[in-house]
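Structure record follows, encoded as structure tokens.
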Number of protein chains: 2
Amino acid sequence: MRKKQSVTIYDVAREAGVSMATVSRVVNHNHNVRPDTKEKVLAVVKRLNYRPNDVARGLASKKTTTVGVIIPNVTNDYFAALARGIDDIAEMYEYNIILTNSDGNSQKEIQALNTLFSKQVDGLIFMTNQLSEMVRKELQTEHLPVVLAGSVDAEQQLPSVNIDYQKAVYAQVNQLIATGNERIAFVADDLELAINKSFRIQGYRDALAHAGIPFRKELLIEARDGNYQAGYRLRHRLVQQQATAAMVSNDELAAGVVNSLTDHGIQVPDQFEVVTSNDTKLTEITRPSLSSITQPLYDIGAVAMRMLTKLMDNEQLTTNNVLLSFGLKARQSTKSREV
Amino acid sequence: MRKKQSVTIYDVAREAGVSMATVSRVVNHNHNVRPDTKEKVLAVVKRLNYRPNDVARGLASKKTTTVGVIIPNVTNDYFAALARGIDDIAEMYEYNIILTNSDGNSQKEIQALNTLFSKQVDGLIFMTNQLSEMVRKELQTEHLPVVLAGSVDAEQQLPSVNIDYQKAVYAQVNQLIATGNERIAFVADDLELAINKSFRIQGYRDALAHAGIPFRKELLIEARDGNYQAGYRLRHRLVQQQATAAMVSNDELAAGVVNSLTDHGIQVPDQFEVVTSNDTKLTEITRPSLSSITQPLYDIGAVAMRMLTKLMDNEQLTTNNVLLSFGLKARQSTKSREV
DNA sequence: GTGAAAGCGCTAACAG
DNA sequence: CTGTTAGCGCTTTCAC
């Protein structure tokens, strides 16, 4: 066993001629220490290059100052943007983040939760496409602060930060209707996900209903996967359904749709309009660029983490389910450039 | 202080009628336990829903089974891809990852290192654009296993996983020369970074020299920043230098260059060829898509993590500085579609 | 304002 | 194969 820790609080105490308790106090910025004692200790701390051992601290205090972050995939721009917000705020409050990729697979999520519990994290930020019952149960039995970021909880039980997906899609689809589209496809990787089924599709239907356009099930298109390639493969089905526009639930998918259409001679937006949902950097990069619902990605993560710090301090949350505001940004993939 | 841990190893021992040591043994899969004793303990573990406290374990064993990962920015597709490889292998070896964003800022890197040291991580994966002397010193004084991923150490002292950037650029620039380009710009966010200065630019110069094309300093173009917008702003300088092609050191930058050129009527690749370096998903998404050096991003992270597990187990590394193989992928941003 | 002492929950010799 | 016994390095009452 390699000896990692050379200088301990005990060494500092001895060298400074005080007790461990006193060293602990100055290291923890406790007020009840006489200024000169404090300086004396600090001098020794510096001379010995003492660095407190957080593991021992954690065991004694039952706080690890680390929070678990479960993310479907860091490689996904949407979630990565949230993760950045989370980490920045965590750092601000002196927490560290243990990041775990789950692929949105509830088995892996549960697995991750358990190791995180073992690690005694002080709290949890949970990102997922779908909160499974098993996960919810796991979360409830362990009495640990949790907040969902960019992830809906149909039951609204857990604290969360999102935008109003239903209203956002409603507004966006309205735009599509305004430019004359009647056969508007709704495209998602998985239609059964709560965020789609209970929110986005509702918004989509609301917009159609509002315009008196009949809802057609055939226009709900499922890609099975959320990446660029999956989107690229959707052209046939879109054409087959004679859709003239698509509301896509994720940017990579939308990029695939646009490129596939364009590559095969279908002009976007003239012959086909497409709008997307996540406002990641991809939206600016594609050509035509993607008109999109805009959402404060970084802030969703940041606010979630801020809420978590409050929960960890046993403070009361003013709002349990925060909805940050969204917008609509018209880019080149739609006809109506003005919003 | 909320009491987090209800059932401890002591409770299990008492209930099972054995000693703590025995419980510890079965929980740690130690062989020296009689099968029936083991089952008896396991039954109690299950009944009481006992879960070992990793913090206590860490204090007693001096191993936390967590490694620190320093990343410039999770939001960067290149590093995010490595991070995914790192996390997967870490999970495979039962380690967790503490992820910290540094923005490639050495102040933040040092800050991060210190908190990671305090947390008693068992090892470190370091990703950075430039290994500063301060950081190197910090890394050396703390005698902790470290491996660099997708990050060069000019001194070749620290274990690392990369591709041969110099050869890759050499090969890629050769392609550009083969299609008749003589004024080839080299574009990077920061020309002084070791990876650019000591490797990529060398490869660039090698290729020029090999073809008897004089090197011109004016064709070394610095974007100051590595994002899409920065790339977009480069068009003027490229045109001003009468460049007919550009070897770009990062994909977002390259996407910006291509879009800016295209948006302003300069045809890519007919009037201007561009190649990029990182092989992120962006390369397929832009139109024209980006010809690029290909590199096994996920594997760079995965191999780095695998090396780290060996170091943490005090095993010897067969190679200290691993170079994974690269390739060249011709897409739409270059004339020569075949390689 | 400071010290003494008792753990936090677990691992790791060392016996037996 | 199993139990005993020290700690690991720090925080936290509780006295003084």
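Naming: A, B, ... by sequence-line order, numbering from 1 per chain. Just so it is clear, the values below take in all heavy atoms, side chains as well, and ignore hydrogens, waters and symmetry mates.
Residue A:Val18 is in sugar-phosphate contact alone, with no base atom involved, counting any heavy-atom pair closer than 4.0 Å across all strands shown.
Contact annotation: A:Ser19 does not reach the phosphate of C:dA4 (side-chain N/O to OP1 or OP2, under 4.0 Å). Contact between the side-chain N/O atoms of A:Ser61 and the OP1/OP2 oxygens of D:dT11 is not found at any separation under 4.0 Å. In this structure, A:Asn53 does not reach the D:dG9 phosphate: none of its side-chain N or O atoms is under 4.0 Å from OP1 or OP2. Applying the 4.0 Å criterion to OP1 and OP2 of C:dT11, one finds that B:Asn28 has a side-chain N or O inside that range. Between C:dT2 and A:Thr37, a contact under 4.0 Å exists linking OP1 or OP2 to a side-chain N or O. Taking 4.0 angstrom as the limit, A:Ser24 places a side-chain polar atom (N or O) nearer than this to OP1 or OP2 of D:dT11. For C:dT11, neither phosphate oxygen OP1 nor OP2 lies less than 4.0 angstrom from any side-chain nitrogen or oxygen of B:Tyr10. Applying the 4.0 Å criterion to OP1 and OP2 of C:dT2, one finds that A:Arg34 has a side-chain N or O inside that range. Distances shown here put a side-chain N or O of A:Lys62 below 4.0 Å from the OP1 or OP2 atom of C:dG9.
Distance A:Asn30 CG to C:dT2 P: 11 Å, rounded to the nearest Å. The NZ atom of B:Lys40 sits 10 Å away from the C1' atom of D:dT2 (whole-angstrom rounding). Rounded to an integer number of Å, the gap from A:Ile9 CD1 to C:dA4 P is 14 Å. Here C:dA6 presents its P atom at 17 Å from CG of A:Leu59, a figure rounded to the nearest Å. Rounded to whole angstrom, the span from the CZ atom of B:Arg57 across to the C1' atom of C:dG9 amounts to 10 Å. Remark: P of D:dT2 and CZ of B:Arg14 are 20 Å apart, rounded to the nearest angstrom. Protein atom CD of A:Gln120 is 11 Å distant from nucleotide atom C1' of C:dC8, rounded to whole Å. Here C:dC10 presents its C1' atom at 13 Å from CG of B:Asp11, a figure rounded to the nearest Å.
Counting atom types as modelled, B:Arg51 pairs no side-chain N or O with a base atom of C:dG9 as donor and acceptor under 3.5 Å.
The nearest heavy atom of DNA chain D to B:Ala56 and to B:Pro35 marks one nucleotide each, and the one closer to the 5' end goes with B:Pro35. Residue whose closest nucleotide on DNA chain C sits further toward the 5' end, between B:Met20 and A:Val33: A:Val33.
Here the options are B:Asn96, B:Thr66, B:Asn53, the test is side chain to side chain donor-acceptor pair (under 3.5 Å), and the partner is A:Lys119; only B:Asn96 passes. Checking each of A:Thr65, A:Val67, A:Leu144 against A:Met312 for a side-chain contact (heavy atoms from CB on, under 4.5 Å) leaves exactly one that passes, namely A:Val67.
Listed for the B:Thr64 side chain is a donor-acceptor partner under 3.5 Å among the backbone atoms of B:Gln120. Between the B:Thr141 side chain and the B:Glu138 main chain, a donor and an acceptor come within less than 3.5 Å of each other.
Looking at the side chain of A:Thr22, the nearest of the listed nucleotides C:dC8, C:dC10, C:dG3 is C:dG3. Comparing C:dG1, D:dT11, D:dC8 by their nearest atom to the side chain of A:Asn32 picks out C:dG1.
Rounded to the nearest 0.5 Å, atoms CE (A:Met92) and OG1 (A:Thr309) are 10.5 Å apart.
Side-chain contact between A:Leu99 and A:Val74: present, with at least one pair of heavy atoms (C-beta onward) separated by less than 4.5 Å.
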